[in-house]
Amino acid sequence: MLTFHNIEPQPVAKAPSKQAQLVTLLQQEGGATMKAMTLATGWQPHSVRGAIAGVLRKKGYQVQSHNHEGTRYWSMKTEVAQ
């Protein structure tokens, strides 16, 4: 008879939070477009902008945006400003 009493449960790796996904996208070389950020997080554009303005900047990240050939890109430095 097979028993499972001695089998230890395997830890389940947590998926990165949506804020962490956003940070990763913004730290890419060249930054990220709104479309890339909304697709990655599943958020609406106003929620992405709110997270950038309200959460990430308050945590000390320096988020910048720039327009390149008619497309807006957001980017940030890898370290948090002190």
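In this chain, residues are counted from 1 in sequence order. Quick caveat: nothing in here was measured; it's all calculated off a predicted structure.
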Let me have the donor-acceptor pairs involving side chains of residues 17-25, under 3.5 Å, with sequence neighbours excluded, atom names and distances please.
residue : atom : partner : partner atom : Å
Ser17   : OG   : Ala20   : N            : 3.0
Lys18   : NZ   : Thr41   : O            : 2.9
Gln19   : OE1  : Lys59   : NZ           : 3.1
Thr24   : OG1  : Ala20   : O            : 3.0

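- Atoms CZ and OG1, from Arg49 and Thr38 in turn, are 10.0 Å apart once rounded to the nearest 0.5 Å.
- Applying the side chain to side chain donor-acceptor pair (under 3.5 Å) criterion to Ser65, with sequence neighbours excluded, gives Arg72.
- The line from CD of Gln64 to CG of Leu26 is 10.5 Å long, rounded to the nearest 0.5 Å.
- With rounding to the nearest 0.5 angstrom, the CG atom of Leu39 is 11.5 Å from the CE atom of Met34.
- Interatomic distance, Ile52 CD1 to Met76 CE, rounded to the nearest 0.5 Å: 9.5 Å.
- Distance CE/Met37 to OG/Ser47: 12.0 Å, rounded to 0.5 Å.
- Looking at every heavy atom in both residues, Ala51 comes nearest to Trp43 through CB-CZ3, 3.6 Å.
- The minimum heavy-atom distance linking Gly31 with Ser75 is given by the pair CA-CB, 3.7 Å.
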